[in-house]
Protein chains: 2
Amino acid sequence: MLTTQRKQVILSRLHRDGQVVAKALSEEFGLSEDTIRRDLRELAAEGHLQRVHGGALPASPATGDFVQRQAINPADKSSIARRAAWMVQPGQVVILDGGTTCVCVARELPLSLAATVVTHSPSVAVELMNHPHIEVILIGGRLFKHSMVSVGAATIQAIADIRADFYFMGVTGVHADAGLSTGDLEEALVKRAFAARAAEVVVLASREKINAASPFVIGPATMATTVVVERDTPASATNDLAALGIGIVRT
Amino acid sequence: MLTTQRKQVILSRLHRDGQVVAKALSEEFGLSEDTIRRDLRELAAEGHLQRVHGGALPASPATGDFVQRQAINPADKSSIARRAAWMVQPGQVVILDGGTTCVCVARELPLSLAATVVTHSPSVAVELMNHPHIEVILIGGRLFKHSMVSVGAATIQAIADIRADFYFMGVTGVHADAGLSTGDLEEALVKRAFAARAAEVVVLASREKINAASPFVIGPATMATTVVVERDTPASATNDLAALGIGIVRT
DNA sequence: GCGTATCGTGCAGTTGCGTGCAATGTCAAT
DNA sequence: ATTGACATTGCACGCAACTGCACGATACGC
């Protein structure tokens with residue numbers, strides 16, 4: 001295994017589990033802890049993670065704690081979320097992805113709205129508890145802690161039973177060439193499965209996601225029917241997407 | 001668990017409950033009180049909290065709101081929940097029911113515990129977010145808002161794939177003749193399905209549930225292996241159950 | 001005022017960390 | 001084929017961090 005590959009794996013572990021332990025990694029790779037520590041130090045120097053005694057934690061804003069991430073830039077996220085929530089008409093069936101942005105969408109749905117929401121995120125389900133007229137379908141599976149969504153074979157199977165009007169998809173990268181991408185393979189597969197079951201796929205892309213790419217590809221950019229971006233996003237950033245026939249909605 | 005993470009968790013506990021108690025934290029983390037006090041001292045030195053005798057309070061004057069304070073004193077429920085949480089051994093697979101009592105059980109599970117928790121309650125899933133070594137399996141289905149649990153055919157099907165060591169069941173009635181019962185038919189069916197997939201069924205019965213009966217029957221009282229009751233429950237109230245060979249555990 | 005719980009400090013054992021150095025492997029130029 | 005520059009890795013050593021225990025001091029409840 002090449003050193004570069006090893007570092008990639010360390011980063012993906014960090015993203016998946018929200019933490020890595022030096023000793024555990026050394027056993028997993030069959031290398032000395034010295035080598036692992038060297039890797040961690042270098043990754044920390046590049047700003048990819050935060051070094052702590054015993055291992056490492058994710059770098060700055062996206063701290064392992066989902067609750068803390070939720071508190072980041074609530075204004076930005078909720079403007080996109082509010083715009084997305086407006087798209088839902090009474091009686092429709094919509095799929096709500098996991099992630100902090102989609103929790104905001106749930107929060108922005110009118111209390112009087114009568115609709116059906118399908119989600120694989122317990123956080124979204126809890127958020128919808130107080131919406132009396134929204135029927136919630138919870139998709140089960142193995143819970144991926146970092147993003148608080150269920151993933152895996154059971155999740156994919158359950159998704160096959162659904163047919164929805166909208167799928168509100170959260171991503172970490174939208175790029176005309178690289179397509180829609182996210183930081184975890186299992187999550188990418190679930191998103192792909194959801195996209196196949198919805199008439200319209202709406203991608204929620206806050207500023208830093210546009211023209212970015214993450215390790216795992218969900219599908220081509222044209223998988224998205226619409227991309228919701230913030231009002232002040234420059235047209236130059238969205239022209240490539242619009243040229244593919246993807247609708248661009250500004251908040 | 002890394003030291004840095006532990007401090008993060010302490011701060012989030014502080015934010016959630018409006019207070020932390022050194023002794024409780026030491027038990028939760030499985031560490032000596034010395035270590036916890038050291039953490040608290042360091043966090044206080046960094047200005048993240050205010051040290052007081054017995055524990056710590058938030059640094060900012062903004063104490064937790066009413067809802068959060070209300071959650072502090074569920075002394076009744078948490079005594080039963082704590083006793084139940086003690087029964088879980090590392091490596092086991094346990095099913096956690098919905099309901100407020102089972103959310104308390106999730107909260108009382110040690111942070112260091114490595115186990116698998118199966119639940120059909122998004123609230124329980126969210127509560128377990130901060131337990132780094134607990135694998136959560138979420139059972140999906142149609143969400144029954146009143147109890148915040150998934151129910152229905154999809155739920156029953158998903159349960160069939162599970163085999164667990166324990167099932168911690170919440171009920172609204174335990175009666176030697178009338179059996180175990182609850183207030184909703186769909187919920188009763190789900191509880192019955194869970195009970196069939198666990199080696200031991202542990203019923204959590206706060207005082208008012210004992211010798212009570214609700215409209216929908218889950219099964220005979222002997223479906224329960226053990227019933228956990230509060231310490232001061234009179235023997236006269238549990239004799240009928242004990243006569244059926246059901247274990248009675250007092251907190 | 002007194003008993004108990006909690007606190008702070010010093011100490012020791014364990015674990016993790018960083019640096020320097022040597023061994024090995026790779027690659028390119030000679 | 002040989003040589004030298006370079007990267008990668010493991011090992012040894014000293015140092016720092018973490019943790020638990022013991023002891024005396026302090027605060028709290030009755």
Side-chain angles (χ1 to χ4, degrees), chain A residues 1-14 17-60 63-65, chain B residues 1-14 17-59 63 69 72-73 75 78-79 82 90 108-114 130-133 231 251:
Chain A
M1 162 165 279
L2 299 172
T3 306
T4 315
Q5 280 180 308
R6 193 177 57 235
K7 289 187 185 176
Q8 288 289 333
V9 174
I10 291 176
L11 286 180
S12 71
R13 283 279 185 286
L14 188 62
D17 303 335
Q19 63 166 112
V20 290
V21 177
K23 193 185 181 90
L25 286 174
S26 78
E27 289 173 3
E28 180 178 348
F29 291 118
L31 295 172
S32 73
E33 293 182 40
D34 303 67
T35 303
I36 301 301
R37 277 199 292 270
R38 248 183 291 253
D39 290 343
L40 294 179
R41 250 176 302 182
E42 287 164 16
L43 287 169
E46 295 164 16
H48 292 118
L49 52 78
Q50 181 192 350
R51 196 80 176 75
V52 299
H53 200 88
L57 294 174
S60 52
T63 316
D65 196 335
Chain B
M1 153 154 291
L2 303 170
T3 306
T4 316
Q5 276 184 315
R6 192 177 57 233
K7 291 186 185 176
Q8 293 278 340
V9 173
I10 290 176
L11 286 179
S12 72
R13 282 279 184 287
L14 189 61
D17 301 336
Q19 64 168 101
V20 290
V21 178
K23 192 184 181 91
L25 287 173
S26 77
E27 288 174 4
E28 185 178 4
F29 291 114
L31 295 171
S32 74
E33 294 181 41
D34 303 68
T35 303
I36 301 300
R37 277 198 293 270
R38 249 184 289 255
D39 289 342
L40 294 180
R41 251 174 291 168
E42 288 165 17
L43 288 169
E46 294 164 16
H48 292 118
L49 52 78
Q50 182 191 348
R51 196 80 176 78
V52 297
H53 200 87
L57 294 173
T63 317
R69 275 206 304 279
I72 294 175
N73 278 341
S78 73
S79 67
R82 190 173 307 121
E108 295 288 344
L109 289 173
L111 278 173
S112 58
L113 179 69
N130 283 326
H131 287 69
H133 304 111
R231 181 182 320 244
T251 63

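Model, not experiment: these values are computed from the prediction. Just so we're on the same page: letters track the sequence lines, and every chain starts at 1.
A close approach under 4.0 Å does occur between a side-chain nitrogen or oxygen of Thr3(B) and OP1 or OP2 of dT19(D). Checking the phosphate oxygens (OP1, OP2) of dC18(D), no side-chain nitrogen or oxygen of Arg6(B) falls inside 4.0 Å. Taking 4.0 angstrom as the limit, Arg38(A) places none of its side-chain polar atoms (N or O) nearer than this to OP1 or OP2 of dC11(D). At the phosphate of dG8(C), neither OP1 nor OP2 sits under 4.0 Å from any side-chain N or O atom of Arg37(B).
Among dG20(D), dT6(C), dA12(D), the nucleotide with an atom closest to any side-chain atom of Thr35(B) is dG20(D). The Leu31(B) side chain lies nearest to dT19(D) when the options are dT19(D), dG16(C), dC7(C). Distance from the side chain of Arg51(B) is smallest to dC7(C) among dT9(C), dC7(C), dT19(D).
The nearest pair of heavy atoms linking Leu40(A) to Ala22(A) is CD1-CB, 4.3 Å. The two residues Leu49(A) and Ala56(A) make their nearest non-hydrogen contact at CD1-CB, 3.8 Å. Minimum interatomic distance between His131(B) and Leu109(B) (heavy atoms only, all atoms of both residues): NE2-O, 2.9 Å.
Rounded to a whole Å, the CD atom of Gln5(A) is 15 Å from the C1' atom of dT8(D). Computed from coordinates, the Glu42(A) CD to dT8(D) P distance equals 8 Å when rounded to whole Å. When the C1' atom of dC17(C) is taken as reference, atom CG of Asp34(A) falls 9 Å away, rounded to whole Å. Taking atom CD of residue Glu27(B) and atom P of nucleotide dG20(D), one finds them 14 Å apart after rounding to whole Å. Between the CD atom of Glu33(A) and the P atom of dA17(D) there is a distance of 18 Å, rounded to whole Å. Here the C1' atom of nucleotide dG16(C) and the NZ atom of Lys23(A) are 9 Å apart, to the nearest Å.
Side-chain contact between Arg38(B) and Arg41(B) is present, with at least one heavy-atom pair separated by less than 4.5 Å.
Val52(B) comes within 4.0 angstrom of sugar-phosphate atoms only, judged by non-hydrogen atoms across all strands, and of no base.
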For side chain to side chain contact (heavy atoms under 4.5 Å, CB included), just list the numbers for Gln8(B) and Leu57(A), CA-CA rounded to whole Å, side-chain angles, deciding distance to a tenth of an Å, and then say yes or no. CA-CA 11 Å; Gln8(B) 293 278 340; Leu57(A) 294 174; 5.5 Å; no

